[in-house]
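Notes to accompany the following structure.
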There are 2 protein chains.
Amino acid sequence: MTERAADRAADLAADRVVPEAARRRRRPTKQGTVLSQQVIVDTALRLVGQHGAQAFSVRRLGAALGADPSAIYRYFHSTDDLLLAVADELIGLGLHGWQPTGDWRADLREVGLRIHAHSLAHPQAAVLAVYRTTGRANEIRAIETMLGILRDAGFPDPDAVSLYHAFIDQALGFAVLDSAALALPAPAQHADLAVWDTAYRTLSPDTHPHIAATTHLLAADMRRSAYPLALDLLLTAVAARLPAPE
Amino acid sequence: MTERAADRAADLAADRVVPEAARRRRRPTKQGTVLSQQVIVDTALRLVGQHGAQAFSVRRLGAALGADPSAIYRYFHSTDDLLLAVADELIGLGLHGWQPTGDWRADLREVGLRIHAHSLAHPQAAVLAVYRTTGRANEIRAIETMLGILRDAGFPDPDAVSLYHAFIDQALGFAVLDSAALALPAPAQHADLAVWDTAYRTLSPDTHPHIAATTHLLAADMRRSAYPLALDLLLTAVAARLPAPE
DNA sequence: AGCTTATGACAACAGCATTGACGTGTGAAG
DNA sequence: CTTCACACGTCAATGCTGTTGTCATAAGCT
């Protein structure tokens with residue numbers, strides 16, 4: 001988990017790892033699995049989805065694959081390198097099959113909600129990897145698409161870039177936050193929610209008038225993600241910045 | 001790291017841990033330190049700040065304290081329980097010494113920037129704990145303050161609550177995202193940034209016209225946090241929702 | 001002064017990521 | 001069709017990790 005970066009920078013360095021494209025021999029494991037980057041990433045996503053982020057370890061991944069854990073290091077430099085591949089896979093899943101409609105605001109809204117929803121569908125993986133810059137294929141495609149939406153809408157380049165940045169980081173920020181809550185072990189998750197019904201419910205109106213006046217609203221609202229509202233607020237303000245056409 | 005929640009729910013259960021208020025005996029460790037929840041939290045923050053999030057482990061914390069690692073379990077049920085205390089400490093640091101001015105928009109802006117800045121000042125700790133609901137003293141104070149700002153500004157209760165939710169989660173989301181980037185080991189952090197100058201710089205205008213047209217802007221913009229812009233966009237949209245007074 | 005017990009220390013356990021050495025079966029070369 | 005190199009799966013070992021059960025000792029009450 002420590003030198004992933006150097007590894008990525010020097011992908012061709014003398015290493016255990018052979019680039020996926022250059023692989024010729026594929027020897028099945030004792031248990032018969034034929035390994036590949038794709039198989040490992042898929043298995044990692046499945047493992048984490050079924051048994052939670054705490055269940056993610058190289059050893060367990062090896063077991064799930066039907067291979068010795070150390071075999072994974074023939075395909076990824078480190079667990080962190082593997083995580084980057086998982087992150088990129090998530091981005092790809094989020095954009096799969098989607099096409100822009102030409103309505104920039106609706107398109108951005110849809111993309112934002114898709115990214116958010118797909119992270120929540122794999123919260124454990126999202127929490128581990130969403131904040132990374134992967135530089136891999138799916139990430140590049142996503143950026144090209146979103147930048148295109150803003151530029152085609154008529155935003156000048158500097159605005160398009162900074163608004164894209166605000167938009168995507170808002171989406172990823174909420175994705176991480178909401179995923180993290182979902183990724184907690186079940187009892188912890190329940191306890192975090194229960195706080196709104198216990199600790200906050202018992203505060204005196206004298207010392208905490210604003211909380212006391214809104215406990216019911218708070219307890220209800222905190223169960224939902226605030227992202228849809230935050231996204232709409234952002235898009236509203238962005239629309240106000242759109243230069244008049246021509 | 002597994003049953004923290006149950007522990008919190010049953011704070012009084014038959015446990016190793018004595019509530020801080022009920023402590024009578026304070027026996028110094030072999031190396032002379034006198035332990036307390038506060039000392040442990042402070043040391044954890046310092047440790048993580050100096051040596052990075054990867055340096056955080058119960059054993060290292062024990063060493064930094066001058067105590068056996070297992071002594072920590074006399075003060076916290078688990079590492080996760082300790083993390084909640086650290087999170088609350090961060091919130092407290094962020095609000096320390098601040099007073100609302102009465103201008104709701106300026107106040108929210110200030111609080112948002114403070115939360116974000118304080119997380120970045122302890123990125124390693126922020127990443128571990130910012131998304132938790134602690135239910136502890138500082139968190140309660142922060143919520144009361146922010147709800148008050150919105151309600152006093154004239155937002156009806158349901159709006160005040162949902163707008164508070166969107167505001168705080170956006171602040172925390174960006175805090176986690178930007179902290180995570182800062183918390184990466186130095187070489188990894190550098191590599192993630194370098195991607196903008198390498199991978200994205202070499203894309204052809206034919207296949208990726210939008211990225212190609214803005215690479216310089218992208219590389220520059222991605223070095224900064226998008227939070228100030230996102231915050232201003234959010235506040236602009238919120239202001240538009242403020243009911244006319246009286 | 002004496003007693004209880006809170007609390008720090010110690011040792012042990014199971015699980016973790018990672019690495020180096022090893023041998024086997026694959027796929028290419030002739 | 002045989003040979004051969006070496007890619008890649010396996011094994012074993014290292015030094016981490018969080019957590020717990022047991023013990024002894026000193027703090028503070030009576």
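By convention in this document, chain letters (A, B, ...) are assigned in the order of the sequence lines, proteins followed by strands, and residues within each chain are numbered from 1.
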- prompt: Salt bridge check: are D197(A) and R223(A) linked by an N-O gap of less than 4.0 Å?
  reply: yes
Between CG of L65(B) and C1' of dA9(C) the distance, given in whole Å, is 14 Å
Exercise for review: Taking atom types as modelled, find out whether R201(A) and H216(A) have a side-chain donor-acceptor pair closer than 3.5 angstrom.
Suggested key: yes
- [ ] Verify the contact: side-chain N or O of R60(A) to OP1 or OP2 of dC16(C), cut-off strictly under 4.0 Å; return yes or no.
- [x] yes
Rounded to whole Å, CG of D68(B) lies from C1' of dT22(D) at a distance of 13 Å
With the side chain defined as heavy atoms from C-beta on, S57(B) is closest, among dA9(C), dA17(C), dT17(D), to dT17(D)
Is any side-chain nitrogen or oxygen of K30(B) closer than 4.0 Å to OP1 or OP2 of dT25(D)?
no
Rounded to whole Å, the CD-P distance (Q54(B) to dG15(D)) equals 20 Å
Rounded to whole Å, CD1 of I72(A) lies from C1' of dC16(C) at a distance of 13 Å
Fill in: Any Y75(B) side-chain N or O less than 4.0 Å from OP1/OP2 of dG8(C)
yes
To the nearest angstrom, the OH-P distance between Y73(A) and dA13(D) comes to 18 Å
* To do: Would you tell me whether S225(A) and D178(A) have side-chain atoms, one donor and one acceptor, within less than 3.5 Å of each other?
  => yes
task: Show your working on side-chain contact (heavy atoms from CB on, under 4.5 Å) between L177(A) and F174(B) and close with a plain yes or no.
output: CA-CA 9 Å; L177(A) 211 63; F174(B) 274 91; over 6 Å; no
Closest to the side chain of R24(B), out of dC29(D), dT10(D), dC23(D), is dC29(D)
- Task: Compute whether any side-chain donor of one residue and acceptor of the other, for Q38(A) and Y75(A), lie under 3.5 angstrom apart.
- Result: no
Whichever of R59(A) and S70(B) has the more 5' nearest nucleotide on DNA chain D, that residue is R59(A)
Distance criterion of 3.5 Å, no angle test: do you see the side chain of R27(B) paired donor-to-acceptor with the base of dG8(C)? no
Hey, is the side chain of R16(B) pairing donor to acceptor with the base of dT7(C) inside 3.5 Å? no
Taken to the nearest whole Å, CZ/R74(B) to P/dG21(D) is 11 Å
Practice problem: Would you please confirm or rule out a distance under 4.0 Å between OP1 or OP2 of dT7(C) and any side-chain N or O of R23(B)? | Solution: yes
Got a salt bridge between R74(A) and E20(A), using NZ or NE/NH1/NH2 to carboxylate O under 4.0 Å? no
Taking dA27(D), dC11(D), dA17(C) as options, the one with an atom nearest any side-chain atom of P28(B) is dA27(D)
With the side chain defined as heavy atoms from C-beta on, A67(B) is closest, among dC11(D), dT20(D), dA9(C), to dA9(C)
Taken to the nearest whole Å, CZ/F76(A) to P/dT19(C) is 16 Å
Considering only heavy side-chain atoms of V18(A), the closest of dC23(D), dC8(D), dG9(D) is dC8(D)
Rounded to whole Å, the CZ-P distance (R26(A) to dC6(D)) equals 19 Å
Among dC16(C), dG18(D), dA21(C), the one nearest any side-chain atom of T79(B) is dG18(D)
